[in-house]
Amino acid sequence: MERRNFIRALIAVAIGVPIAVEGVTFSRLFYQRLTGAEPSHDRPTGEGVDVGEDLLPATDAGETVTEMSLEAAGETEWTFRMVVDVTNPTEQAYRLKLGPVSLGDGSTVGETISTGEMAPAESTTLSGEWTVPSGSTVTGIWAGGKTGEDSVTERVLLAPIEEPA
Amino acid sequence: MEIHRYEKIWFVIALLMIVGFIATIAYGAVGAGVEMIADDGGTMDPNDVSGTEFEDPGVRQVGEDHYEVYVLSQQFLFRPGTTEPIRVPAGSTVTFYITSTDVMHGFALAGTNLNVMVIPGQVAKVTVEFEDPGEYGIVCNEYCGNGHHSMEGKVVVVPESQYEGP
Amino acid sequence: MSAESPFVERFPSEARIVRLNLGVAFIALFIGGLFGAIQSLHRTGVYRGLIQSSDYYSMLTAHGVLLALVFTTFFIAGLFHWGITRSFDRNAPSQWFSMTWFGVMLLGTVLATIAILGGLIPFAPDDLNAAVLYTFYAPMKAHPLFYIGAALLIVGSWLAGADWFWSYFRWRKTNSDERIPLQAFMVLVTWLMWYLATLGVATEVVVFLIPWSLGIIPAVDPLLTRTLFWFFGHPVVYFWLLPAYFVWYTILPKLSGGRLVSDPLARVSFVLFLLLSTPVGFHHQYLDPGIAEGFKFIAMSNTMFLLLPSLLTAFTVVASMEHGARQRGGKGLLGWLRALPWDEPAFAGVALAGLMFAAGGFSGMVNAGMNLNYLVHNTQWVPGHFHLTVGTAAALTFMAISYWLVPQVTGKRLQLKGLAIVQPYLWFLGMTLMSNAMHRSGLAGVPRRTAEPEWNAVSGIAYETIVGSFQETQLQIAVGGVLLFVSVVLFSMVMFGTFLVRADLGPIRVSGSLPRPLSTAEDGPLVLDNLRLWFTIAVVLVAIAYGPPFFDMISDGVFWPGTPPTTSGL
């Protein structure tokens with residue numbers, strides 16, 4: 001009798017767990033398809049740029065983030081605001097372009113703003129506001145720094161930003 | 001030869017399923033227009049890239065929204081792609097030409113359908129459309145030696161407003 | 001045939017050949033399985049302290065070669081030697097010749113294994129390595145011993161087939177009107193397919209890679225050698241699968257308590273495999289440059305038709321199991337399943353292997369889908385698939401049927417039967433966990449054949465998984481891999497114990513007799529036994545599928561575009 005129960009328990013675990021695992025996989029796949037829920041995006045690897053840090057370390061110019069925030073702007077929208085202090089210590093002209101914004105669901109929203117051409121030793125502040133759907137996770141922002149003829153264009157990862165209250 | 005009625009039914013279902021599968025793949029090829037990598041990239045001498053585009057691999061603009069990217073795969077990096085990301089603008093059509101001068105490699109944008117074998121002597125030619133901005137990781141997915149696991153790269157699809165040219 | 005004395009008493013010399021082959025197979029299984037466990041801990045990041053990532057590839061080569069070439073070939077040779085002897089009920093034509101083919105296979109195995117393990121042993125000479133993986137694509141070069149060893153293993157297997165065809169021709173002389181006994185038929189058809197299939201890899205290794213690795217020829221065309229490999233690389237999976245079908249058709253019905261419902265349908269499925277296994281190799285090269293899309297399309301449709309004999313097998317085998325279950329008193333639409341002997345290790349393992357194969361077959365259908373292949377090629381989806389097929393349908397069937405066969409070829413009772421009962425269930429559980437996670441991570445683009453799949457050279461990139469995170473799939477793979485290794489350990493303990501126990505502990509408890517099928521060989525058309533006809537058609541189909549592409553590749557020069565050997569390290 002003991003052996004029969006052992007076999008039953010063995011079958012229950014050895015076949016039951018696989019059925020459960022496959023069943024859960026299948027139903028989650030189906031659920032994702034039916035509801036259009038987004039695939040899980042693991043947060044991209046790497047540390048995000050935070051307030052006080054340089055946006056594009058690859059350029060000799062300095063692009064220091066002084067403000068990075070999200071504020072509610074109505075029922076369905078939030079405003080993402082970023083302010084960058086830009087200095088050009090090089091001997092050449094420098095230009096920073098900022099935006100669009102990259103969101104956690106993979107989409108890209110908004111316009112691009114520019115410092116315009118900065119002479120050597122010039123500094124300026126670039127600030128911009130982008131409208132994003134409420135509930136979005138802002139994961140990054142496109143930034144392009146052009147020193148003379150060389151340009152560096154990246155989707156810069158940003159540190160997590162506090163959601164509006 | 002005696003065949004049970006159920007088995008005859010099963011046999012018919014099996015054939016229908018097989019024909020159905022062939023039809024869906026044929027639709028993908030002919031209807032949806034998903035082309036397979038073929039031999040139109042041509043061949044070249046893998047021991048000597050001089051005189052070919054692979055002597056100076058990189059991105060070239062060949063039309064208003066059309067770009068060509070010549071990628072040289074070597075143990076253990078993509079040129080371009082690894083030390084310098086491959087940058088193309090969103091909304092462009094890009095034709096990749098990929099080859100190797102040492103061993104077999106793979107060139108795949110993880111999570112997408114851009115996935116090709118890279119064989120010395122053969123040029124893999126594949127054309128894709130990049131609609132939206134984003135970043136893709138290039139993974140070498142064919143074993144190429146003891147540094148294989150570090151052979152990675154990036155394709156950056158830059159928003160048009162940010163694109164500075166090839 | 002009712003009570004008969006065990007095989008080892010009727011055919012002691014043949015039984016010895018079987019034991020030798022199984023012994024080598026089981027040793028290869030243990031070592032290959034151990035390496036698999038280490039790999040599953042390493043690449044998932046769970047524990048990387050056992051080996052360096054740069055050595056991972058020598059270990060992976062050993063895992064692939066020992067399991068997919070050595071364990072399989074030796075087990076199959078032992079199983080088929082038993083099957084042929086049993087079918088014709090007479091001794092092998094020459095015990096010396098049988099020993100010779102075993103010896104050639106073993107020599108080849110030892111040489112290749114030395115080359116591979118040289119890459120893992122610190123004090124071995126620098127050039128003694130074969131970190132080329134089981135597919136050994138040029139221009140990556142292994143030590144010449146690797147290629148020579150591989151060639152000897154293949155040649156040894158050809159000689160094994162000659163042994164069995166020799167038996168067949170001798171039997172024919174005194175049985176000119178009889179149908180070929182079913183097990184012998186299956187052995188001969190499998191080996192006809194094998195002879196055709198190995199032409200590709202034998203040409204690749206003997207004509208190109210051995211001379212190239214010795215420096216006799218300076219360059220080979222990597223596309224040509226790769227194509228020659230895959231000419232062999234697809235039918236080899238049927239070389240692994242048909243022996244499992246051999247078990248499912250001829251022994252599983254008896255283990256289920258019944259009979260095979262149809263002998264002719266079993267023959268039909270084997271004939272279809274002989275015809276279709278080889279002209280499909282391009283489905284492993286869907287994403288290769290240098291091969292026109294038309295050839296790939298033909299391979300795709302041929303491959304889809306290869307589903308047919310497997311689907312037919314599913315029906316016949318399940319019907320036979322149901323027949324057996326109802327003989328045992330099983331009732332109801334599905335309730336008969338409970339009447340099957342799930343506490344018998346041989347039955348349970350073979351049945352679970354068959355069940356798991358259904359899943360593997362379906363993921364294989366995806367692989368066959370030419371343009372779908374973009375999404376799964378060289379991702380972890382592929383090992384997810386083949387661990388279900390060769391790794392379970394074949395390997396678990398082989399392990400499980402050993403519980404039934406080894407007593408008959410040793411004359412000893414199965415030892416540690418409690419462990420044997422648990423082993424197949426543990427395998428099934430471990431394999432589901434591992435393979436499920438491999439399929440899921442593969443769909444996110446996680447590559448196969450790498451020591452470190454995580455992104456470490458670029459930042460800002462993450463795998464987009466659909467169900468569960470990347471980390472979670474990796475952990476699941478590690479858990480599954482460890483459970484599988486525990487299962488291999490249990491199997492090895494049972495076999496070791498049984499081989500080593502004293503022989504005089506009483507008669508063995510299994511009966512080797514196999515009942516007649518419900519629909520016998522005589523009920524099927526004579527043409528099924530016309531091996532010459534089927535082999536000829538198989539050759540014609542291969543000529544059509546491969547003739548034009550090979551001509552294309554060779555017409556610009558057999559050795560062009562050519563590459564010299566390159567090593568695996570910098």
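None of the values given here were measured: they were computed from a predicted structure. Residue numbers start from 1 in every chain, and the chains themselves are labelled A, B, ... in the order their sequence lines are given, proteins ahead of strands.
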Working for side chain to side chain contact (heavy atoms under 4.5 Å, CB included), residues B:Glu7 and C:Leu265: CA-CA 10 Å; B:Glu7 180 134 29; C:Leu265 279 170; 3.0 Å; yes
From CA spacing to verdict: side chain to side chain contact (heavy atoms under 4.5 Å, CB included), B:Val139, C:Trp455: CA-CA 9 Å; B:Val139 59; C:Trp455 297 101; 4.0 Å; yes
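Interface remark: C:Val366 contributes no atoms to any contact with chain B (heavy atom separation under 4.5 Å). At a 4.5 Å heavy-atom cutoff, the contact between C:Arg226 and chain B is made by side-chain atoms alone. For B:Ala108, no part lies under 4.5 angstrom from a heavy atom of chain C. Within the 4.5 angstrom heavy-atom criterion, only backbone atoms of B:Met44 (N, CA, C, O) approach chain C. Only the backbone of C:Ile291 comes within contact range of chain B, judged by heavy atoms closer than 4.5 Å. Looking at C:Val261, there are no atoms closer than 4.5 Å to chain B (heavy atoms on both sides), in backbone or side chain. Within the 4.5 angstrom heavy-atom criterion, only side-chain atoms of C:Met300, from C-beta onward, approach chain B. Both the backbone and the side chain of B:Tyr6 come within contact range of chain C, judged by heavy atoms closer than 4.5 Å. Interface remark: B:Thr112 contributes backbone atoms only to the contact with chain C (heavy atom separation under 4.5 Å). In this structure, the portion of B:Ile138 lying under 4.5 Å from any heavy atom of chain C is its backbone and not its side chain. If you measure heavy-atom distances from C:Phe297 to chain B, the contacts under 4.5 Å come from the side chain alone. Neither the backbone nor the side chain of C:Ala219 comes within less than 4.5 Å of any heavy atom of chain B.
Most heavy-atom pairs under 4.5 Å with chain C, from the set B:Ile25, B:Leu109, B:Val116: that is B:Ile25. Contact count versus chain B (heavy atoms, under 4.5 Å) is highest, among C:Ala319, C:Ala314, C:Ala444, C:Pro222, for C:Pro222. Interface remark: of the candidates C:Asn456, C:Thr563, C:Asp552, C:Asn456 forms the most heavy-atom pairs closer than 4.5 Å to chain B. Note: C:Leu311 leads C:Asp523, C:Leu311, C:Thr450 in heavy-atom pairs under 4.5 Å with chain B. With respect to chain C, the highest number of heavy-atom pairs below 4.5 Å among B:Ala38, B:Gly147, B:Gly121, B:Ala32 belongs to B:Ala38. Across C:Arg449, C:Arg448, C:Glu522, C:Met370, the residue that shares the most heavy-atom pairs under 4.5 angstrom with chain B is C:Met370. Among the candidates C:Val446, C:Leu518, C:Val132, C:Thr303, the residue making the largest number of heavy-atom pairs closer than 4.5 Å to chain B is C:Val132. Among the candidates C:Gly290, C:Ser519, C:Gly369, the residue making the largest number of heavy-atom pairs closer than 4.5 Å to chain B is C:Gly290.
One finds the CH2 atom of C:Trp560 at 6.0 Å from the CG atom of B:Asp45 (value rounded to the nearest 0.5 Å). The line from CD1 of C:Ile461 to CD of B:Glu135 is 5.0 Å long, rounded to the nearest 0.5 Å. One distance of note links NE2 of B:His149 with CD of C:Glu454; it measures 9.0 Å at 0.5 Å rounding. With values rounded to the nearest 0.5 angstrom, C:Tyr286 atom OH is found 14.0 Å from B:Asn115 atom CG. Going from atom OG1 of B:Thr43 over to atom CG of C:Leu223 covers 10.0 Å, rounded to the nearest 0.5 Å. The CD1 atom of B:Ile18 lies 4.5 Å from the CG atom of C:Leu308; values are rounded to the nearest 0.5 Å.
Side-chain contact check for B:Asn47 versus C:Pro564: some heavy-atom pair is nearer than 4.5 Å. The shortest side-chain heavy-atom distance between B:Met36 and C:Leu287 falls under the 4.5 Å cut-off. Under the 4.5 Å side-chain criterion, counting only non-hydrogen atoms from C-beta, B:Gln122 is in contact with C:Pro561. Taking 4.5 Å as the limit, some side-chain heavy atom of C:Pro289 sits within range of a side-chain heavy atom of B:Ile119. Put simply, the side chain of B:Met117 reaches to within 4.5 Å of the side chain of C:Asn378, judged on heavy atoms. Annotation: side chain of C:Phe305 is in contact with side chain of B:Leu15 (closest heavy-atom distance under 4.5 Å).
In plain terms, the two heavy atoms of B:Tyr143 and C:Ser568 that are nearest each other are OH-CB, 3.6 Å. Residues C:Asn371 and B:Gly28 come closest through the heavy atom pair ND2-C, 3.4 Å. When every heavy atom of C:Leu312 is checked against every heavy atom of B:Trp10, the shortest pair comes out as N-NE1, 4.2 Å. In terms of heavy atoms, C:Pro139 sits closest to B:Pro120 at CG-CG, 3.8 Å. For the pair C:His377 and B:Asn141, the tightest heavy-atom approach, listed with the atom from each and the gap, is O-ND2, 3.6 Å. Contact record, C:Val458 with B:Glu152: N-OE1, 3.2 Å, taken as the closest heavy-atom pair.
Aromatic ring pairs are classed by plane angle as parallel below 30°, tilted from 30° to 60° and perpendicular above 60°; the pair C:Tyr57 and B:His148 is perpendicular.
By the neighbour-count criterion of 12 heavy atoms within 6.0 Å, atom CD of B:Glu35 is sparsely surrounded, having that number or fewer from other residues, nucleotides or ligands. Enclosure of atom CD in B:Glu55 by more than 12 non-hydrogen atoms of other residues, nucleotides or ligands within 6.0 angstrom is indicated.
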